[in-house]
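Below: the structure, in structure tokens.
Here, residue 1 is the first one in the sequence, and each next residue gets the next number. Not measured: the values here are computed from a predicted model.
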Amino acid sequence: MCGITGSTQPDDYSAVDAMLQRLAHRGPDGSGVWSDPNGKIALGCARLATTDLTAPANQPLVSTDGRFVLVFNGYIAGHRRKIQAATRNGMTFQTRNDAELVLQLMSDAIRQGNDPARVLQTLSGQYAIALWDVAQSCLWLARDPLGIKPLYVLSRPVGHIAFASEISAFSAVSPLVDDVTIKPAYLAHLFVPSPKTGIDAVELLPPGTLMRWQAGEVSTGHIAHPAYRADKASQLPTAGDLLSAVRQSVADAMDADCEVGCLVSGGLDSAGVAALACDIARERGQNIPKAFVMGFDDPALDETEAAQKLCRHLGQELHVVAAPTQPSDIYQELVAALRSVGGPFANPSIVLMRCLAKAVSGDVKVCLSGDGGDELFGGYPRYRAAQHYETYWRHVPRPLRRLTAKMYGAGNRREIHRFLAGGSGARNHAFAVWNNRCVIPECDARIAQHPDIGGSLTDAMMHFDRDVTLPGNQLLMSDRCGMAHGLEYRLPLLGHDVVRIAAAVPAKQHLKYGPKPLWRQAITPYLPAGHVQHHKIGFNPPVATWLLGVARYLWGDENRILEAIFADVAITQGHKTAYWKRAVSGKDLDMALSVWALMVWQIWLGLDGSDMGRAADTA
């Protein structure tokens, strides 16, 4: 993995070098800047060396004929097999690096007048790419179709652009101005869906985008998503098919020239990836990967015991990383996270992810994670809610559904309340309510995308999570938190063959015997007895406790807290007090997350480069 950046502004070498310095944490193993002989572009890369550690693999990479120059962030699954195949077809390689594979394949396609998007759709893995064609003075930018790796684009005067792996790099060349128009979508999602970012003139390339820039003119193409290339007409995949695909994906993810570790928990996804990684390591005669889990003081949040049982079964060495508990530490990590994201981001788990990544990076440079399993295989309860709505509840007369929702207030059981609130109307209403994380009506929070729900509501929910929420939320955290500490997370469950198999199974089949039956059946033989029945707690902090602690740390008494958090919300003092008490009660997670998002918004607005440690006199 790496940090990449560049600018089409003429003779901009020094600016690109300055941007690259702001990405140094992403690539502690070396950096380099290449400048076009005619001064038309400069490209930079800060490298985290995980595959082919030799000097010839350093970036930027230049083709042997000097026509193409590449900077690449990510990894390509099975790159050694693909290099061997390309060699048999007449290509010559100078390295064993996957970046050179991408350079060769894309440049060959462009030379032949073919669409490079067709080449990229054949490459599983995770990537952000910039390729400069010297002969045509043309820049190609690409982001993988799952949206695992980021690539931001800054619009500059006279049609020029700059690009970077993180927004913070652009501060070297342009003032960063907040875009507050994204607030309704941010509050609904707890993140800013692409292409918006929260910064004026800066966009995040949507997943699967191939952008072409030439002389100030921009066009975009699309790299086909593996889910939409799934064969829906054939026989449904079996658990054996899925296991084979995941095993190959894990094996490819373990193909690194450095030590590899695994995240583990009490859940099925990370446990399954870890189990296969251990089996593959033994098969190869390699060391068993180290395992890492976050430990909590609160037994209701802690999965250490389940992780210990799993690791004893797998023969893994387990490292337990303590979750932060002090408001000052939580706040400082939150500020650091917001700076790395570059925009508002309200999933409090990002604080946990930063602390975990810092500890993991002390032992390994590559770490496998189970991200994506819930979205692909039907793990979230709201999918079952959607199925129940379609099968039964929508046939109940709408006035009766509305009356039931009105009678069953927010103080009752969370899952039932949300189901009834969403299920009181048509399918579009249910989709909007169940995907809107903000429960404060005065905020006017609105989800950014409303798909056409012509088919199954359950399918639409799963697709939305896979294509919007997953890249905007979990995958963003994996990238920023890992790369903040020079750690590369690899996500085998998002291998293209795995995604295709999951997409070939209708949502109702994924939920037929409870959550994730196909994946559960595939991986159960590798896990200790009872692990698949273990209730997954989820990687979440005590939001109410954190909210109260951080708010008091920043603003002191309740009146100042309410004034600060609800500063730009048109709301009565009585409602502020009521929402606050619900949020910190520990009994209303949705309200806690909504108020946390408002607090994060105010903190983000204050990130103007000044010292944010102003809480000493109010703590």
Side-chain angles (χ1 to χ4, degrees), residues 146 226-228 230-250 264-277 279 303 306 309-310 313-314 368-393 415 419 434 455-467 469-470 474 491-539:
L146 276 299
Y228 299 108
D231 186 359
K232 300 292 183 68
S234 64
Q235 186 176 358
L236 287 178
T238 66
D241 296 330
L242 177 59
L243 178 62
S244 177
V246 175
R247 185 182 182 86
Q248 183 62 63
S249 189
V250 171
V264 297
S265 70
L268 188 64
D269 302 331
S270 60
V273 169
L276 292 175
D279 195 52
E303 292 191 307
K309 183 179 178 181
L310 172 70
H313 179 79
L314 299 178
L368 309 187
S369 167
D371 282 350
D374 286 316
E375 292 80 5
L376 294 184
F377 306 127
Y380 292 127
R382 59 181 175 271
Y383 304 151
R384 296 190 291 281
Q387 189 176 53
H388 186 81
Y389 168 86
E390 289 198 291
T391 305
Y392 306 107
W393 192 242
E415 294 85 354
F419 173 78
W434 293 339
S456 161
L457 174 61
T458 314
D459 278 312
M461 296 278 288
M462 291 181 65
H463 295 171
F464 183 83
D465 278 348
R466 182 193 65 209
D467 298 342
T469 308
L470 181 63
Q474 293 96 318
L491 317 174
L493 296 184
L494 295 181
H496 287 196
D497 287 343
V498 180
V499 173
R500 273 191 288 270
I501 287 173
V505 179
K508 64 180 181 180
Q509 291 295 121
H510 278 302
L511 304 172
K512 190 172 183 180
Y513 304 107
K516 301 192 272 195
L518 192 67
W519 176 224
R520 191 179 299 269
Q521 181 184 353
I523 203 61
T524 293
Y526 292 85
L527 302 179
H531 192 93
V532 294
Q533 285 81 35
H534 182 266
H535 174 68
K536 180 172 173 57
I537 295 172
F539 192 64

Validation row: [X], [Y] side chains within 4.5 angstrom (heavy atoms):
X      : Y      : value
Val264 : Glu303 : no
Leu268 : Leu527 : yes
Asp459 : Phe464 : no
Gln474 : Glu375 : yes
Thr458 : Glu390 : yes
Leu376 : Arg466 : yes
Asp269 : Lys516 : yes
Trp519 : Leu242 : yes

Within 45 degrees of the ring normal and closer than 6.0 Å to the centroid, is that where the cationic atom of Arg384 sits relative to Tyr392? no
What's the verdict on side chain to side chain donor-acceptor pair (under 3.5 Å) for Asp465 and Tyr383, showing C-alpha distance, side-chain angles and the deciding distance? CA-CA 10 Å; Asp465 278 348; Tyr383 304 151; 2.6 Å; yes
Working to the nearest 0.5 angstrom, can you tell me the gap between [X] [atom1] and [Y] [atom2]?
X      : Y      : atom1 : atom2 : result
Leu310 : Tyr526 : CG    : OH    : 14.5 Å
Leu236 : Leu518 : CG    : CG    : 9.0 Å
Leu491 : Ser270 : CG    : OG    : 12.0 Å
Leu243 : Gln521 : CG    : CD    : 10.0 Å
Leu511 : Tyr380 : CG    : OH    : 13.5 Å
His510 : Met462 : NE2   : CE    : 4.5 Å

Before we go on, tell me: are the rings of Phe419 and His388 under 6.0 Å apart, centre to centre? yes
In sequence, state the C-alpha distance, the side-chain angles, and the governing distance for Thr524 and His531, and then conclude on side-chain contact (heavy atoms from CB on, under 4.5 Å). CA-CA 8 Å; Thr524 293; His531 192 93; over 6 Å; no
Judged by atom type as modelled, is there a donor-acceptor pair below 3.5 Å linking the side chain of Arg520 to the main-chain atoms of Pro515? yes
Ignoring hydrogens and geometry, is there a side-chain-to-backbone donor-acceptor pair from Lys309 to Gly266 under 3.5 Å? no
Looking only at side chains, do Asp241 and Thr238 share a donor and an acceptor under 3.5 Å apart? yes
Indicate the atoms forming the closest heavy-atom contact of Leu368 with Ala277, along with that distance. CD1-CB, 4.0 Å
